[in-house]
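Beneath this line is the structure, given in structure tokens, with notes to follow.
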Amino acid sequence: MFRRRTAARIACALAILISPPLALTSYAQTLTMRAALSRALAASPRLTAAERDVGIATGQRIQAGALLNPELSYEQDNSFGSGIYRGTKSAETTLQISQAFELFGKRDARIAAGQAGIEVAAIQRKAVRLEVLSETAIAFLSVLGAQRRIQILDEQIDAIDRLTPLLRRRVEAGASSPAETGRAEVASALVKADRERLKATLASARRELAVLMGDPGAKFGEVSGRLDTTGRPPTFQSVVAAIDANPQLVRWTAVYAQRNAELLIARLKPYPDVRIAAGWRHFNESNDDAVRLTVSVPIPVFDQNQGNILSAQESLAKTKAEREANRNTLIVIAGRAYDSVQGSLRELAVLRETAIPKAVEASEAISQGYGQGRFTLLEVLDAQASVTQARLREQEAQQNFHAGVATIEGLVGNPFALARESAR
């Protein structure tokens, strides 16, 4: 019986290994930053919408260059009246074709506006691409950071659990109160509760990253990456200078060209176009034919498009202010991210040079002294908690550093040049 059960279990295990379900395979995959960014670019609906905007602008540019259609008309005069005009005996019929000709460069102005619209949409697509990359990188770092925080708490739980045998021996020897066993269990339970809360945070972070990659739920295993490598950022002045190359600001040059062309269109609209028509006329009464020529020009007396001209002028003048407002917003965002990067570096320096080494040293000394009866359990637990908090602070500072870098990279449009430091 035992052998049959064992054989059945082995067969099931082999079946799973040989033909794993797709869900298990996908969840077992480790996700890298590069893969996450690639999948986000391929699945982003915002980027797809931006690409459609380029197509829309291209269609508008094509339409702007289209010539006016000719008109074909048929006229019949002197028919279905009374007397000699009864019926169609005295009718005059005219078949005519007419064509309007735009003058003063109106078509060229429309084409220029349409071309500028394509450039605006194309540059905006680049801006959206940078935003998608930055948001995905930050979401990836959130998952990576939550994973690391859970690992730190697991290490603290293991450290508390390793005290259990020693604690029992001390209780049996009468060196410690039985109540200390409960105190250790409470300390372990509280850390486990913190871990469960972090697991919920991790689940939310994983879902957010999955949505950015086009999946409703996380279909990947752990994410892999390093947070312990940092570097010295360049000066903030160089960051501000690089922001001017951000597509969000570059697009304003194309917007200015587009609005300037729209102003020219508004100014040219009152200038009259010429319509030329040529037709063939037949006189039923005499059975004679004749050619009919027509030239018509509208007279811009009442409507000189003043309202649209004023609107286009104000829209053009507004461009510079909009660009400056956009630039100021980007500088504020970059400043916050840069301050976060600098603050994280200073925090890491304090933690790595003093807090963490001293906390680890004190915890090890107190743990050894506890076995010799020189320290209480409360002091041991407090020392272990100090090590955990210091490491959690370090991990948080590392995550804030890399999130700030990702934000700045999304603003400057290029990888953030850092003087790399060795990981500690």
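Given the structure is predicted, the values throughout are model-derived calculations rather than measurements.
Separation of atoms CD (Glu347) and CZ (Arg352) is listed at 10.5 Å; rounding is to 0.5 Å. With rounding to the nearest 0.5 Å, the separation of CZ in Phe104 from CG in Leu268 is 8.5 Å. We find the OH-CG distance between Tyr338 and Leu411 to be 14.0 Å, quoted to the nearest 0.5 Å.
The residue from Val143, Thr32, Leu141 that alone fulfils the side chain to side chain contact (heavy atoms under 4.5 Å, CB included) condition with Val223 is Val143.
Residues Lys126 and Glu51 are not paired through a salt bridge, judged by the lack of any N-O separation under 4.0 Å between the basic side chain and the carboxylate. The pair Lys269-Asp303 does not count as a salt bridge, with every side-chain nitrogen at least 4.0 angstrom from each carboxylate oxygen. Under the 4.0 Å criterion applied to side-chain N and carboxylate O atoms, Arg206 and Glu222 are not assigned as salt-bridge partners. The pair Arg46-Glu135 meets the salt-bridge criterion, with a side-chain N (NZ, NE, NH1 or NH2) lying under 4.0 Å from an Asp/Glu carboxylate O. Note on Glu196 versus Lys199: salt bridge recorded, some NZ/NE/NH1/NH2 to OD/OE distance being below 4.0 Å.
Put simply, the side chain of Asn305 gets close to the backbone of Ala266: a donor and an acceptor are under 3.5 Å apart. Formation of a donor-acceptor pair under 3.5 Å by the Arg107 side chain with backbone atoms of Gly65 is found in this model. Between the side chain of Thr136 and the main chain of Leu133, no donor-acceptor pair closer than 3.5 Å is present.
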Please output the side-chain donor-acceptor pairs of residues 68-76 that fall under 3.5 Å, not counting sequence neighbours, one pair per line with the distance.
{"from": "Tyr74", "atom 1": "OH", "to": "Gln76", "atom 2": "OE1", "distance (Å)": "3.0"}
{"from": "Gln76", "atom 1": "NE2", "to": "Ser79", "atom 2": "OG", "distance (Å)": "3.0"}

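By the side chain to side chain donor-acceptor pair (under 3.5 Å) test, Glu119 pairs with no residue at all, sequence neighbours left out. Not counting sequence neighbours, Phe101 has no partner by the ring pair (Phe, Tyr, Trp, His ring centres under 6.0 Å) test. Listed by chain and residue number, Arg197 satisfy the salt bridge (charged side-chain N to carboxylate O under 4.0 Å, His left out) test with Asp194 (two or more places apart in sequence, or in another chain). Scored by the side chain to side chain donor-acceptor pair (under 3.5 Å) test, Arg195 finds Asp154 as partners (sequence neighbours excluded). Shown here are the side chain to side chain donor-acceptor pair (under 3.5 Å) partners of Arg162, two or more places apart in sequence or in another chain: there are none.
For the 3.5 Å distance criterion, the side chains of Gln248 and Glu131 qualify, holding a donor opposite an acceptor.
For the residue pair Ala184 and Ile160, the shortest heavy atom distance occurs at O-CG2, 3.7 Å. Scanning both residues, Thr407 and Ser134, for their nearest heavy atoms gives CA-OG, 3.7 Å.
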task = Would you sort out whether Arg149 and Glu396 count as a side chain to side chain contact (heavy atoms under 4.5 Å, CB included), showing the intermediate values?
result = CA-CA 9 Å; Arg149 288 195 293 273; Glu396 182 181 2; 5.5 Å; no

